[in-house]
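Here the structure is a predicted model, which means the values were calculated and not measured. Throughout, residue positions are numbered sequentially from 1 according to the sequence presented.
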Amino acid sequence: MRQILIAGDSTVTDRKSSGTYDCGLCYTGWGQMLPLHLGAGMIVRNFAVGGLTTETFRTEGHYAALCDVLQPDDIVLIQFGHNDQKLPHLQAEGQYRENLLQYITDIREKRAVPILVTSLARNSWRGDTGLYNDMLADYAETVMKLGNDVNVTVLDLHKVSVEWICREGREAVKPYFYPGDFTHTNDYGAYHIAGFVAVLLREKLGDITANPAWYAPQPSKIPPELNERPNECMTRREALWLCMKMFSYFTINESTKSGNDEGVIAAAQNGFLTFQDDLDKPITETALLAVLRLAASGRETLTVSIFQTQNASDCCVTRQQALAIVKEYETQMGVQCITKAPDMAGS
């Protein structure tokens, strides 16, 4: 099986929790979440360690450990810069560039495939001016130039992550980072950034099977179990699961059923809802339409109650009615969420 080996710093590394685990209160690098976005046939080995530079990754023995398991045709992802920029002799166009070039040369000599990754952006802004402060622009630019100079593939994660941070805004992005930290992601952020990396890999190499479900929605059939008992009220849990499935936020195993917690837990872990909602209560038409709008509007994080628009006097909608509403919403919005209409014959 083909391997992806990763060299990097704390923004990339695997991290373990201490004490009680909390998805939002942990440091997690994108390398730890990358396997979740890749298909079968790929092995990810993460050699990234917090605090390292392009220099200390080699001098402290981490590069040697990577080389011990490196095979011809393996992919080596290399992302540094956050710690290099703190040291005068590792400035972007100085030893930083030379160290990256040496890694490229060494890996090619081993008949493996070096791939440079530009530095993950920080959630850094200029005071209260509302202007983004790109602290790693020169390092990203050096990597892009080096890739062009020596004909090595570059994944421009910096560009993609800057665009994401600026699009969402400083406050909206904070839940993806460790509290009070503008550099290190938590589980939510690591999962999201790893998705960026998976998409970039697929775009550059083509032979990488990526599962960027949040990035490129794929049509999916209505879960057959929602056709059962069509006259029963649809629960909030089922409606949420249906939206997650329709708009392909993340992989849901075929064994996952609409009434199970697995899909809902996955949604919560990836920041798409809060557990303040009573998910087993019936959903109303007002609430269902609110969920559909949120799900289709660019994958906004559902950081507040998605059912806050629900009125106590509203009647619940049956499963049959809910699926009809979904189809009508498709038509009105000109989107294709599901690939076939529900079969309610004989119900």
Side-chain angles (χ1 to χ4, degrees), residues 8-13 24-31 33-34 48 50-51 53-54 77-88 90-94 96-97 100 116-148 154-201 203-204 212 214-216 270-272 294 297-304:
D9 53 30
S10 56
T11 64
V12 190
T13 190
L25 301 178
C26 59
Y27 291 103
T28 309
W30 59 256
M33 293 292 187
L34 185 59
T53 65
T54 52
L77 302 180
I78 307 168
Q79 185 219 278
F80 291 97
H82 294 85
N83 299 308
D84 294 74
Q85 71 173 178
K86 303 172 186 178
L87 301 173
L90 292 177
Q91 293 307 294
E93 284 297 329
Y96 172 77
R97 182 188 187 281
L100 290 178
L116 299 178
V117 184
T118 56
S119 305
L120 172 65
R122 290 185 168 100
N123 187 24
S124 51
W125 298 75
R126 297 185 184 277
D128 296 324
T129 65
L131 299 176
Y132 181 73
N133 181 20
D134 193 345
M135 301 173 68
L136 289 155
D138 51 345
Y139 283 82
E141 184 178 356
T142 291
V143 171
M144 296 301 295
K145 288 180 180 178
L146 178 59
N148 184 66
V154 178
L155 308 184
D156 198 356
L157 178 60
H158 185 74
K159 177 178 182 292
V160 173
S161 54
V162 166
E163 289 174 350
W164 167 61
I165 290 171
C166 291
R167 182 174 62 250
E168 298 296 326
R170 171 167 44 190
E171 296 304 315
V173 168
K174 280 183 178 180
Y176 292 92
F177 288 81
Y178 187 84
D181 193 318
F182 61 92
T183 299
H184 300 95
T185 53
N186 55 25
D187 270 12
Y188 304 141
Y191 179 90
H192 201 67
I193 299 302
F196 289 146
V197 175
V199 170
L200 293 171
L201 268 174
E203 290 176 349
K204 293 291 186 178
W214 52 268
Y215 187 91
N270 295 303
F272 295 117
L294 281 170
S297 63
R299 279 146 186 75
E300 296 178 3
T301 301
L302 311 184
T303 55
V304 296

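For Phe196 and His192, the distance between ring centers is under 6.0 angstrom.
Under the 4.5 Å side-chain criterion, counting only non-hydrogen atoms from C-beta, Leu77 is not in contact with Val12. A 4.5 Å side-chain heavy-atom check between Tyr96 and Asp138 finds every atom pair outside the cut-off. Taking 4.5 Å as the limit, some side-chain heavy atom of Thr28 sits within range of a side-chain heavy atom of Met33.
Across every non-hydrogen atom of Ala194 and Trp30, the tightest pair is CB-O, 3.4 Å. Between Val154 and Met144, the shortest heavy-atom distance links the atoms CG1-SD, 3.4 Å.
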Practice prompt. Give the intermediate values and the outcome of side chain to side chain donor-acceptor pair (under 3.5 Å) for residues Ser124 and Asn133.
Written response: CA-CA 5 Å; Ser124 51; Asn133 181 20; 4.8 Å; no
Worksheet entry | CA sep, side-chain torsions, deciding dist, call: Thr11, Ile193, side-chain contact (heavy atoms from CB on, under 4.5 Å) | CA-CA 10 Å; Thr11 64; Ile193 299 302; over 6 Å; no
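No donor-acceptor pair under 3.5 Å is formed between the side chain of Gln79 and the backbone N or O of Leu157.
Note that CG of Asn123 and CE of Met135 are 11.5 Å apart. Values are rounded to the nearest 0.5 Å.
Between Tyr27 and the choices Thr13, Asn186, Thr185, Asp181, the side-chain contact (heavy atoms from CB on, under 4.5 Å) rule is met once, by Asp181.
A donor atom on one side chain and an acceptor atom on the other are not found under 3.5 Å apart for Asn83 and Thr53. Between the side chains of Lys145 and Asn148, no donor-acceptor pair is found at a separation under 3.5 Å. No side-chain donor-acceptor contact under 3.5 Å links Ser10 and His82.
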